[in-house]
Amino acid sequence: MCGILMGAAILGIIVAVMEQGEFPGWWNMILCVLASVGTEFFLDAALPDELVYILGTVLAGAVVAALALWGIVKMTFVRALIASGIYLAIKIAIAVVFVLVFPQ
């Protein structure tokens with residue numbers, strides 16, 4: 001739950017800065033992050049635990065987040081892709097740090 005709220009906060013800040021407006025709302029951001037995290041969860045369950053596959057699941061989650069931003073927040077598709085790309089970079093950094101700090 002904490003990860004979903006943190007992801008919603010990160011994505012909401014990215015969208016607010018890009019749109020030069022207010023935070024788009026917690027429920028909108030939570031829905032976008034849940035779409036992303038759900039995709040990552042199902043792919044992570046199906047693929048082995050290697051760094052390449054972890055990065056692939058994060059990439060798929062970012063693509064789904066872009067589609068969710070486009071549909072829920074009503075951003076243009078290009079701006080949603082840019083926002084999800086920034087979100088992707090942050091998620092990759094977090095994933096790499098966790099893999100390197102906590103090896104299996």
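The figures here come from the full heavy-atom set of this structure, side chains too, leaving out hydrogens, waters and symmetry mates. All of these numbers come straight from a predicted model, not from anything done at the bench.
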J.: Hey, what do you get for CG (L69) to CZ (F77), rounding to the nearest 0.5 Å?
T.: 10.5 Å
J.: Ignoring hydrogens, what is the shortest heavy-atom contact between M29 and P24? Give both atom names and the distance.
T.: CE-CG, 3.7 Å
J.: Please answer: with hydrophobic residues joined when any side-chain heavy atoms are less than 4.5 Å apart, are I90 and V101 in the same cluster?
T.: yes
J.: Same hydrophobic cluster for I10 and F23, using side-chain heavy-atom links shorter than 4.5 Å among ILVMFWY?
T.: yes
J.: CG/L47 to CZ/F42 distance, rounded to the nearest 0.5 angstrom?
T.: 13.5 Å
J.: Roughly how far, to the nearest 0.5 Å, is the CG atom of L59 from the CG atom of L43?
T.: 10.0 Å
J.: Which heavy atom of V73 sits nearest to which heavy atom of C32, and what is that distance?
T.: CG2-SG, 4.3 Å
J.: Give the intermediate values and the outcome of side-chain contact (heavy atoms from CB on, under 4.5 Å) for residues L5 and I30.
T.: CA-CA 7 Å; L5 290 177; I30 287 173; 3.9 Å; yes
J.: Over all heavy atoms of both residues, which pair between W70 and T76 is shortest? Give the atoms and the distance, please.
T.: CD1-C, 4.0 Å
J.: Shortest non-hydrogen contact from A62 to S84?
T.: O-CB, 3.2 Å
J.: Hydrophobic clustering (ILVMFWY, side-chain heavy atoms < 4.5 Å, transitive) - are V78 and I14 grouped together?
T.: yes
J.: Of all heavy-atom pairs between Y87 and G7, which one has the smallest distance, and what is that distance?
T.: CE1-O, 3.9 Å
J.: Taking only residues at least two apart or on different chains, which pairs with a member in residues 34-44 satisfy salt bridge (charged side-chain N to carboxylate O under 4.0 Å, His left out)?
T.: E40-K91
J.: Quick one: pull up CD1 in I13 and CE in M18 and give me the separation to the nearest 0.5 Å.
T.: 14.5 Å
J.: Which pair of non-hydrogen atoms, one from V33 and one from A8, has the smallest distance, and what is that distance?
T.: CG2-N, 3.4 Å
J.: Output the distance between atom CD1 (I82) and atom CG (L88), rounded to the nearest 0.5 Å.
T.: 13.5 Å
J.: With clusters defined by side-chain heavy atoms of hydrophobic residues (ILVMFWY) lying less than 4.5 Å apart, directly or transitively, does V99 cluster with I94?
T.: no
